[in-house]
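Read through the structure below, which is laid out as structure tokens, and then see the notes.
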Amino acid sequence: MGSTSAEHRGTEGVGRRDLIKRSAALGLISVPTMSFLSACASSGGDDSGDKAKAGKKTAKNPLAVNDTAGMEFVLFDGGFGKEYAEDAVKIYEKNFPKASVKFSATQKIQSTLQPRFNQGTPPDLIDNSGAEQMDMGVLVGKNQLTDLTPLLDAPSYDDPAKKVRDTLRPGIVEMGQFDGDKVWILYYAYTVYGVWYSQKALDSLDEQYPETWDQMLAVCAKAKKKGMAGWTYAGKYPYYIPFSLYPMIGKVGGREVLDAIDNLEPNAWKHPAVKACFEAYYELYKKGYVLKGTPGLDHIQSQTAWAEGKALFIPNGSWVENESANVIPEDFDLAVSGPTGLDSSDKLPFGTIWASGGEPFIVPAKAKNAAGGMEQLRIMLSEASSKNFTSKVKSLTAYDGGTDGIPLTPGLKSGVAALDKAGENVVNPRLQDWYVQLQKEKIGVSGLGEMMAGRLTPAEAIKKIQGFADEAAKDDSIKHYKHQ
């Protein structure tokens, strides 16, 4: 998973919304099992050590990659698999036959790479995603990353007349910025977050996707009578719940509520819209509409139960189509919707959705071959590599195009339709990339997870989460970010 925004530095820019209208799909998110702060004890990169010397800059080698220098690429082995990256690596090897390339994939990004950051020997390119995603805000704040502006200003792989930045979907560049013009992250995929379901299952209930919460409860009641739970979610990783809860809060209370939460403002979590949405979700638990045993399920187990028809709805990202491909029936008719709202008093219309770049790729500041890492990304941002990714993993990339001739799968088609319906009403909460530990371990596991398991009331959860946010706001050891 992964995570972000259109006018990064936080705002929802028009460019990003235009992009979102035309895009769909992907990311993978998760929870760091330990704080990454210790990994950044020493800040900043330097040019000392055995960094590769620059190569000869040519039309085919605009980043001046040393054609004999080794290049190491570590990928998160998640919902998108690794084949798309392996294919791109083969192109790099073909272009630089004298270079040795070390490619590996792991689900344990943080525990695998934290010691190497401490030792000053990180890989040249990292897909920083998954349950052990390294805290992006900490990495940026501690000067651990390479500015990717040279990549963005380089000629694109397919058309030398265009810069790489000119081939990207609107908002992708801004999402990689934190405070200023430097770009620290390249989000390779594009994710639609929301409520995922089987249209076939909904049709069997003779129901439409519910637009108000009263309708949601009625649909869940009807499903329960037929032996199907209304909802399930990744109980062991309850930070999946915000994929539908956060945009619901934005729909009910307006974007400014989500911005205040991102900005760690005092009492932001005590807004009436937050209270109303927490109470709505808690009602699912109280009425027995959540699949029994859900708090003990991980993301794969919950997705499998949902695909098997044991639950109607699941909050997730568009990677779910590929990640669950082996368990989703052929006639499932996968679909996604923006969150159900409360009622006609909501500030934003039905169809409001959360969508953003996903799968964050980074080049460490102390990488031995940073130019090689960026060149690998330049290859991945070609039309051919983008098409390869989309056809293999059912998701779009940051490359603005690459879908011609590719049949859209049900989930991808539904994601595009959801973005079209949303129009300008796309929200992009930043907690998951600004404050990873706060979002996942504290708000997700200790707050929402406890509430949905019935161990906290909504009021207690809000009080606890506001406390976590206040602690983060006062913590001078972490860099703070705000919507501009």
side-chain contact (heavy atoms from CB on, under 4.5 Å) evaluation trace for T397 with L381: CA-CA 8 Å; T397 72; L381 290 167; 5.5 Å; no
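- Sorted pairs that involve residues 401-412 and meet salt bridge (charged side-chain N to carboxylate O under 4.0 Å, His left out), not counting sequence neighbours, are lacking altogether.
- Residues Q215 and T340 bring no donor and acceptor atom of their side chains to less than 3.5 Å of each other.
- A perpendicular orientation is assigned to the rings of W319 and F243, their planes being inclined by more than 60° (bins at 30° and 60°).
- The closest donor-acceptor contact from the side chain of D346 to the backbone of L348 lies at 3.5 Å or more, if one exists at all.
- The side chain to side chain contact (heavy atoms under 4.5 Å, CB included) test applied to D470 returns Q466, not counting sequence neighbours.
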Evaluate the criterion side chain to side chain donor-acceptor pair (under 3.5 Å) for residue pair Q432 and Y246; output intermediate values, then yes/no. CA-CA 11 Å; Q432 72 177 24; Y246 284 0; over 6 Å; no
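- Shown here are the ring pair (Phe, Tyr, Trp, His ring centres under 6.0 Å) partners of Y84, two or more places apart in sequence or in another chain: F389.
- For F313 and Y289, the gap between ring centers reaches or exceeds 6.0 Å.
- Checked against a 6.0 Å centroid threshold, the rings of W306 and F332 count as neighbours.
- Side chain to side chain, D262 and H483 meet the donor-acceptor criterion of an N or O pair below 3.5 Å.
- Side-chain atoms of K387 do not come within 3.5 Å of backbone N or O of I406 as any donor-acceptor pair.
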